[in-house]
Every structure is written in C-alpha cells, then in structure tokens.
Amino acid sequence: MSPKEFIDKWSSVTQTERATAQSHFNDLCDLLGEPKPHDADPTGETYAFEKGAAKTGGGDGWADVWRRGCFAWEYKGKHKDLEKALVQVKQYAAALHNPPLLVASDINRIIVITNWTNTVSVRHEIHLSELTDPFKLQFLKKVFQGDQSLCTGESRTALTAKVASEFAKLAQELQNEGYEPLRVAHFVNRLVFCMFAEDAGLLSDHVFSKMLDVTRAKPEDFVPLAGDLFRAMSKGGRHGFQTIDWFNGGLFEDDDALPLTRTQIDLVRNAATLDWSAIDPSILGTLFERGLDPEKRSQLGAHYTDPQNIMRIVNPVVLEPLSREWDIAKVQIETYKSPAKKKEALDKYLDRLRNVTVLDPACGSGNFLYLALRGLKDLEHRVLLEAESMGLQRQFPQLDPSVLRGIELNVYAAELARVSIWIGELQWQIEHGFNVERKPILKPLDSIENRDSLLNVDGTEAIWPAAEFIIGNPPFIGDKVMREHLGDSYTEEIRKKYKGHVPGGADFVCYWFAKGAIAIESGKSKSVGLVSTNKIRKGANSSVLRQALISNEIFAAWSDVPWHDEKGAAVRVAITCFAPSEDLTGLPRMLDGVQVAKILPDLTGQTTLNQVDLGLAGKLSENLGKSFNGICLSGDFDVTDDVALLWLLEPNPSNKPNSDLLRPLWNGKDLATRWAGRWLIDTGTEMSEEESSQYVSPFAWLEEKVKPVRTSNKRKARAEKWWRQGETRPGMRQAFPGS
C-alpha cells in the first residue's frame, strides 16, 4: 500500500474504534513493509491483537496491539481523548513486560512516548497527512521494531546531576550572603518541589515559571509572590487568578522565602526549563545534600551509590519474601471456586502488604527508603494486575510512604529524604497512569526522624521504631578514628552503653548490626540487611557479627563490593542480610550471587553443612613462646632514619632514654630482602627504674644490638652499609660483633 492510498482510505473512515483498529494496524504493516501479528506469530506469544493484560483503570482489559520488546498500542475512535488512551496503556504496561514504546492512535493521529528504563520520556506525534514524509515513515518502522535508536532521551541520572549542580550554586550564594544554612536548605527544597510539581502537572498553567518571569523584572517582588505561592500550597487557595491545590506535608508549613537577585532568579528560571518530572529520586537527595551542606559541597561531583547496589539489599530483605508470600496466596486464590473466597484471600494478602514497615536507621537522604517504596508499589501493582487476570474485580494501588521509617542525624539529609520520597511517590502514580490523591497531595512524613540512631540527647540508648525490615548503609568510621570524628565523650558513652554487644575495638558500623540483631531478638523486626566496610569479617567486627548470628543466619551476602561512601570516596564494602534461622527453612543461601549451603560470619561459604568454620580456630598452645603475629601498625607512627637518630639524641622529660620507645621496625619483607630503614615509636613500652638505670646513653639499645669494634674506617663504613641493607657478608662480624 502506498502512502497516498493509505491516507485516502483512512481520512474518510468514521467507524468506531473496535471496528477499525485491527484493519488500520494491518494496513500500517502493509505501508511499512512489516509483518502482521497473525503472520509473524500465530500463537500470539510475542506479537498479538487484544493481548490479555487486564487494565487497572477501566475498559475491557485488553491491549489492542502488543509486540514483546517493542510496543504496546492503544486505539481510540476518531477525535477521542488520546491522553486518556496513553494513561490506559501506562496502567497495563507492567503486565506486558514494560515495552520501550507506548503508542496511542485515533486513526488521524499516532502518539508515541518512549518508555526506556532510566531515560527521560520523549513524546512524538504523527498526523495522517504526514505519512507522505519518508522520515515519518522511517520513524514508524522503527517503532514497529522497537529500535534502540529511538531511545534519544537524556538519562534520568544525567538530568538529576545537572539540576542538582545548578541549585548547588544558588544554595552556596545564599549561604555566602549570611542566611542560616538550614533556612537556605528548606527554601531551596521548596523551589525544587515547585519545579517538579509544575512539570508533573500538579501546579497547573506554569504558575511557578510565570512568577519567575514577573519577578525577574522586579526582583523585590519575589519574596511576597513566592510567599503567596507557598502559603497557597500549604492549605490550598489561589495565587493570582490561578487555583492552587492543597499540598501540605510539612514542606510548606509557612510562607518563608528568601530574596533573590535578578541573576539568581535567572538561574532558577533556567533550571525550571529542564524536565523536573523525570528526575531520579534515588540519587537526587545525595546530590542535593552535597550542594546544601557546606561540609559536603566539595563532593558534589563525586560518585554516588548506584541503585543496583542498593537493590542488593532491598530485593532479598524486603521484596523477595513478600513476593514468595504472594506466589503462595495466588495458588490459594486459584483453587477457590467461590468469588467471595477469592476476594477474601486477595484482601488478606493486600492488607498484609500495605501494612509492611521498612526502617532505615541511618537513612541519609533517603535513597534506600525510596527504592524500597518503589519496589513495594511495583509489587502491589503486579498483585492487582494478576488478580484481575484471575477474574477478580479491579482495585487501585493504596500502598504509600506511610510504610517507611527513617532515622537521620544530619538535618539537611533528613529533609531531603522526605522530599525525595514525596517526589518518588508522585512520580510512580503519574508514570503508571493513576490520578494523584489531592486531599492533600503530600502526606506528612513524620516517620523520617531527625535524631541520633544510637544515643538520645540525655545519653540514654536510642530506641528504634518497630519495623518488619531493617535496611541501610550506616556510616563507615573505623574504631581507631572514632574519637577524631565523633569526639571523646560520645565515643566513650556509646562504648559504655553498648558494652556486651559491641567490643571497644569494633568499627562504628557494628553498632547498627548489634541493634539490628537486638531488634530481631525482641520481635520488633524480622530481617536485617546492612552495608559495612569489608572489615566486618575480621577481628572485633567479626565478633559482633558472630554474636548476631547466635539465633540468626546470613541468607544473602556480598563479601567484597565496590562502593562509594558519603564522602564520595571509593571503598570496598560487604553486604550482609540476616534473619532468624527458623524463618529461612528451605530457602537458598546466596553469597556473591552463588548459592552455597551456609554463609559463615567471615562471609565465606560452605558447600556442605559439615564443613569446618575456620573462624572458630583458636591459638595453638604448642606455639606459645615460639611464634607471634608480629607488629600490627595502627596510625602513622613510622619515622625516617634521620628523624629517628635526631630524636635519640634529644632529652626526655622522664629522664629515660628515648631508645626505650624508639625501635627499628622490621617485617617479613625486610627479612626476605633488605631493611627499608623504618623506625617505630613503641608507645606500649614501659620499663622499671632498675631497667632504665642500666642505660647510660641514648644509643644504649643500639649499642646493645650493634657493638662496633676498632677497625679501619673503610671496612666499618662498608660493613655498616651491608648491615643497613640487611645483608650478611664475611667481615661484618669482625666489624660489628654484636650483629
């Protein structure tokens, strides 16, 4: 069929959608030289008309045309609402393996929106009269094939990094002008949310952008006009002639706005031209936190923890157990003959799912909580779609951020966590074609608490809220630097408060492991998944994990994973997920993505349950007095030859020789090769008065070990060189008998 023939035939058609859809699509196949569904796949497994995926918003529950990995296509009669058609195709896209292209057509128009994961959606529209254009025809042919070249949208990650960078400049300027940092953060968060709300259609008629355009000419009007908008968003009302919905949620509890210069208003206006509806909440909070917090601003360009690594905890701890429960419930529903029984079983599972609680006790800017919420909402959506396919009545999603709990000490991060979760919740609703609840749009998120996870202000132990699942990425602070980072009094207080659960030599992250195990033991939680440095497997850290596993067992772990800490530095971490042993019966144990019989506390795997746990090995009494593990350095205590010799000559306030503390440092490499000339400050050495009285010279220790005798200067110099190089040669003993 030629383009002219196609246009002539379909420009005069007035029949209903059902009568024309398949005929129109088959003619498109002829026009584009593409196979028709029945010819390409008679079984309808990968390419079909009226594919059976129940819609959650209305209609007869069938996709008009679908091709796996390519598109889902919704037809409407001429001059019908294609935006509604796009909403419908979004609602059932999940049941069709999320095709990369979503299409709506009313014969006269074809609208295509891209749906590739982690990219900003791009919209294309083709009118019937344009089908003589070979470029339009080539575009449609690519749609039929799901051509990857149509994925032209900017990645959501790149977009989010761009908007965060722009607003970091504004935050820094306002703080440089003397405004209190928290006030700046709160104000900038409001601007961010306004731009998102505008692009998401929650603030209609571009009211925020219009306000910026007006105040650009008269910057002194910005504060009163922005305050009017914030006040209207708080309770619902009007801004000029524009009706504003009730937003609420704590973000707009007052009308405080900071004055902006014309240049700053231009910065905000330029940022508003970006598509804020497509930003990625899983990294938004981290990037904005770095822009808002003066202590972290230098990290703005640093790497962030990617969602794939976060899901290594969220999936096994939260989503997979709930999915297994649905699989069991689904089998039960299918066995019932009575519709009432089916509905009862479905409602029981939905009630259980919608009352799940997830806690991140070091939630930062909310990345773990946002991804957990999105995963839970995806699971609920899947349940509703599969229930429809079993003949149950259509229901709408109800799971919302009220299932989340968070604790965060940093005030910037705590507020950003709330903003990220709000945006993520609204994005999900819009992306899946559901109407946003507007009474109010934002629910309060008081469950994200700004406080310490370990100690209360009065020094008592902090109590975590009850939550079925505990996930998170607690701070990485080694035990040797806790005093430096946390202060002496705090370090001493937590060590005292958690004595018996966490030994003094354990890293800071271990306190979260201990409290997670206590939460399970007390019945407040069912499973825990935490990130730590990979030192969790060793020493005092390992003892904390081993204690947590007395009645629990590791069911999923990654022993050594590249990560980026809150400062953006590359580190190696371990991911550990544990739960009561009785809850894991019959479930696989997964270590580094491979199934094992058991995961040990040192994060090694057993292939059989009767293998020896080498972590339980003790010291051999036979080796006492014969071998030792050598010097283990902790801190920067190496000094050079020149400095060491100078110090040996210096007086000591205790009237003892400095050689009591200053020793040459040897290791295995020195024994095998040559001494590197290192010296060690031995701060652990204490000598009695009688012992110290035997030393008459600062070089006493050296003279005891190396006793020079009279010999030629040349021979002595050569022997001294050999000695320093760790070599043994003829003549050395004559030069240095004590060597």
Side-chain angles (χ1 to χ4, degrees), residues 55-58 72 74 81-96 98-104 111-124 153-157 159-160 163 192-209 233 244-249 251 272 274-284 366 370-371 373-382 384-385 394-402 418-443 445:
K55 291 182 286 189
T56 60
E74 185 76 11
D81 186 355
L82 287 187
E83 299 306 319
K84 184 177 179 181
L86 287 171
V87 166
Q88 291 175 346
V89 79
K90 286 178 182 179
Q91 288 176 348
Y92 61 78
L96 295 170
N98 286 309
L101 297 162
L102 306 178
V103 187
I111 299 176
V112 180
I113 57 174
T114 60
N115 189 44
W116 270 277
T117 302
N118 197 34
T119 61
V120 179
S121 181
V122 179
R123 180 184 175 115
H124 305 271
E154 183 178 27
S155 78
R156 296 178 70 189
T157 299
L159 172 66
T160 308
V163 300
V192 167
F193 189 84
C194 284
M195 286 186 286
F196 166 78
E198 184 173 85
D199 287 344
L202 304 174
L203 275 177
S204 58
D205 199 30
H206 297 91
V207 63
F208 181 73
S209 294
M233 294 176 76
I244 305 297
D245 280 316
W246 177 25
F247 280 82
N248 191 30
L251 189 58
L274 301 170
D275 183 5
W276 285 77
S277 67
I279 56 178
D280 184 356
S282 69
I283 64 171
L284 173 70
Y370 158 72
L371 287 170
L373 176 66
R374 189 172 184 91
L376 288 168
K377 292 181 73 70
D378 286 343
L379 176 58
E380 181 193 30
H381 187 42
R382 171 195 154 198
L384 295 175
L385 289 172
R394 180 173 296 114
Q395 294 188 41
F396 291 93
Q398 296 179 25
L399 195 146
D400 62 30
S402 64
R418 299 184 191 104
V419 172
S420 297
I421 291 166
W422 278 324
I423 288 176
E425 163 72 9
L426 295 170
Q427 270 185 338
W428 191 95
Q429 296 285 349
I430 294 166
E431 289 170 2
H432 289 78
F434 297 105
N435 292 326
V436 172
E437 173 62 46
R438 294 174 185 261
K439 296 181 180 180
I441 290 175
L442 302 179
K443 307 291 192 301
L445 263 179

Please list, chain by chain and in numerical order, all residues satisfying salt bridge (charged side-chain N to carboxylate O under 4.0 Å, His left out) with Glu380, sequence neighbours excluded.
-> Arg354
Residues forming a ring-ring contact (aromatic ring centres under 6.0 Å, His included) with Trp276, sequence neighbours excluded = Phe167
Is the side chain of Gln91 donor-acceptor paired with the backbone N or O of Gly433 at a distance under 3.5 Å, no angle test?
-> yes
Side-chain donor or acceptor of Glu198 paired with backbone N/O of Ser209 under 3.5 Å = yes
Carefully, step by step, assess Ile441 and Asn248 under the rule side chain to side chain contact (heavy atoms under 4.5 Å, CB included).
-> CA-CA 7 Å; Ile441 290 175; Asn248 191 30; over 6 Å; no
Using a strict 4.0 Å threshold on nitrogen-to-oxygen distance, state whether Lys377 and Glu425 make a salt bridge.
-> yes
What's the spacing between His432 NE2 and Phe396 CZ if we round to 0.5 Å?
-> 14.5 Å
Flag the pair Leu373 / Trp428 as yes when at least one side-chain heavy-atom distance between them is below 4.5 Å, and no otherwise.
-> no
d(Leu376 CG, Asp400 CG) to nearest 0.5 Å is 11.0 Å
Take Phe434 and His381 through the side chain to side chain contact (heavy atoms under 4.5 Å, CB included) test and state the conclusion after the steps.
-> CA-CA 11 Å; Phe434 297 105; His381 187 42; 3.9 Å; yes
Might you point out which heavy atoms bring Val120 and Arg156 nearest each other, and give the distance in Å?
-> N-CG, 4.0 Å
In Å and rounded to the nearest 0.5 Å, what is the CG to CD distance from Leu82 to Gln88?
-> 10.5 Å
Stepwise side chain to side chain contact (heavy atoms under 4.5 Å, CB included) test for Ile113 and Leu101 | CA-CA 6 Å; Ile113 57 174; Leu101 297 162; over 6 Å; no
For the student: nearest non-hydrogen atoms of Asp280 and Thr160, plus distance = N-OG1, 2.8 Å
Might you point out which heavy atoms bring Ser420 and Tyr370 nearest each other, and give the distance in Å?
-> O-CD1, 4.3 Å
Passing option when Leu86 is tested against Val112, Ile111, Asp81 for side chain to side chain contact (heavy atoms under 4.5 Å, CB included) = Ile111
Looking only at heavy atoms, what is the nearest atom pair of Gln427 and Phe196, with distance?
-> CG-CE1, 3.6 Å
What are the two closest heavy atoms between Asp199 and Ala272, and how far apart are they?
-> OD2-O, 4.3 Å
Look up atom CD1 in Ile244 and atom OG in Ser204, then write down how far apart they are to the nearest 0.5 Å.
-> 6.5 Å
Hey, does Glu437 have a side-chain heavy atom less than 4.5 Å from the side chain of Lys443?
-> yes
Take Val436 and Ile430, measure what side chain to side chain contact (heavy atoms under 4.5 Å, CB included) needs, and give me the verdict at the end.
-> CA-CA 7 Å; Val436 172; Ile430 294 166; 3.9 Å; yes
Working to the nearest 0.5 Å, report the span between NZ of Lys84 and CD of Glu74.
-> 10.5 Å
Tell me, do Cys194 and Met233 make a side-chain contact under 4.5 Å, heavy atoms counted?
-> yes
Between Asp245 and Phe247, which heavy-atom pair has the shortest distance, and what is it?
-> O-CD1, 3.2 Å
To the nearest 0.5 angstrom, please state how far the CZ atom of Phe193 sits from the CD1 atom of Ile423.
-> 6.5 Å
